[in-house]
Amino acid sequence: QVQLVESGGGSVQAGGSLRLSCAASGYTYTGVCMGWFRPAPGKEREGVGAIYTGVGTTYYADSVKGRFAISQHNARNTVYLQVNSLKPEDTALYYCAAGLRSGGCRTSWSSGNYSYWGQGTQVTVAS
């Protein structure tokens with residue numbers, strides 16, 4: 001049974017940082033596109049970034065480049081989303097996803113077309 005479990009969310013002041021985790025189980029961890037998403041106005045969700053696990057290649061939305069960073073700990077089957085210089089508009093429930101259904105990670109990571117999703121971890125940024 002595939003499981004993705006996010007953790008690490010919390011409440012911070014603007015300018016603060018958090019490290020979100022996504023622990024994966026129930027499938028072969030390496031060689032998989034894993035993405036981070038959050039809800040966005042006018043759309044179901046927006047892609048924040050992704051990592052191709054094992055190789056470690058990362059991809060980011062323009063809105064978070066330079067502030068967010070994705071990393072992995074292969075022995076723990078875990079990917080991390082380091083969120084820095086947080087702004088009130090970053091307030092959201094952050095989800096991780098795995099198992100891109102079509103397309104490669106480089107071109108399709110932000111499509112939202114993944115087989116597996118976690119339950120989300122809440123990030124709240126106060127101004």
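Only a predicted model underlies this, so the values are computations on that prediction, with no experimental measurement involved.
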Asker: In chain order, what residues pass the side chain to side chain contact (heavy atoms under 4.5 Å, CB included) check against Ser71, with sequence neighbours excluded?
Answerer: Tyr80

Asker: Mind running side-chain contact (heavy atoms from CB on, under 4.5 Å) on Val125 and Val123 for me, showing each step along the way?
Answerer: CA-CA 7 Å; Val125 185; Val123 172; 4.0 Å; yes

Asker: Sort and list the pairs that fulfil side chain to side chain donor-acceptor pair (under 3.5 Å) and have at least one residue in residues 42-60, not counting sequence neighbours.
Answerer: Arg38-Glu46

Asker: Measure from the side-chain N and O atoms of Ser108 to the backbone N and O of Cys105, and report whether any donor-acceptor pair falls under 3.5 Å.
Answerer: no

Asker: Can you list the residues that meet the ring-ring contact (aromatic ring centres under 6.0 Å, His included) rule with Phe37, with sequence neighbours excluded?
Answerer: Tyr114, Trp117

Asker: Distance from Ser85 atom OG to Arg67 atom CZ, nearest 0.5 Å?
Answerer: 6.5 Å

Asker: Please say yes or no: joined through hydrophobic side-chain contacts below 4.5 Å, possibly via intermediate residues, are Tyr95 and Val48 part of one cluster?
Answerer: no

Asker: Test of understanding: with side chain to side chain contact (heavy atoms under 4.5 Å, CB included), list the residues that count as partners of Glu89, not counting sequence neighbours.
Answerer: Lys87

Asker: Say you draw a straight line from CD1 of Ile70 to CE of Met34; how long is it, rounded to the nearest 0.5 Å?
Answerer: 9.5 Å

Asker: With clusters defined by side-chain heavy atoms of hydrophobic residues (ILVMFWY) lying less than 4.5 Å apart, directly or transitively, does Trp109 cluster with Val55?
Answerer: no

Asker: Please tabulate, for side-chain N and O atoms in residues 14-26, each donor-acceptor pair with protein atoms closer than 3.5 Å (sequence neighbours left out).
Answerer:
{"unit_1": "Ser17", "atom_1": "OG", "unit_2": "Asn84", "atom_2": "OD1", "d": "3.0"}

Asker: Would you say Ser63's side chain and Ala61's backbone share a donor-acceptor pair under 3.5 angstrom?
Answerer: no

Asker: Could you tell me which non-hydrogen atom of Gly120 sits nearest to which non-hydrogen atom of Leu93, and how far apart they are?
Answerer: C-CD1, 3.8 Å

Asker: How many angstroms lie between atom CG of Leu100 and atom OG of Ser110, to the nearest 0.5 angstrom?
Answerer: 9.5 Å

Asker: Quick one: CD on Gln72 to CD1 on Ile51, what's the gap to the nearest 0.5 Å?
Answerer: 4.0 Å

Asker: Can you name the side chain to side chain contact (heavy atoms under 4.5 Å, CB included) partners of Val5, sequence neighbours left out?
Answerer: Gln119

Asker: If I take atom OH from residue Tyr94 and atom OG1 from residue Thr121, how far apart are they, to the nearest 0.5 angstrom?
Answerer: 10.5 Å

Asker: Ignoring hydrogens, what is the shortest heavy-atom contact between Thr78 and Arg76? Give both atom names and the distance.
Answerer: OG1-O, 2.8 Å

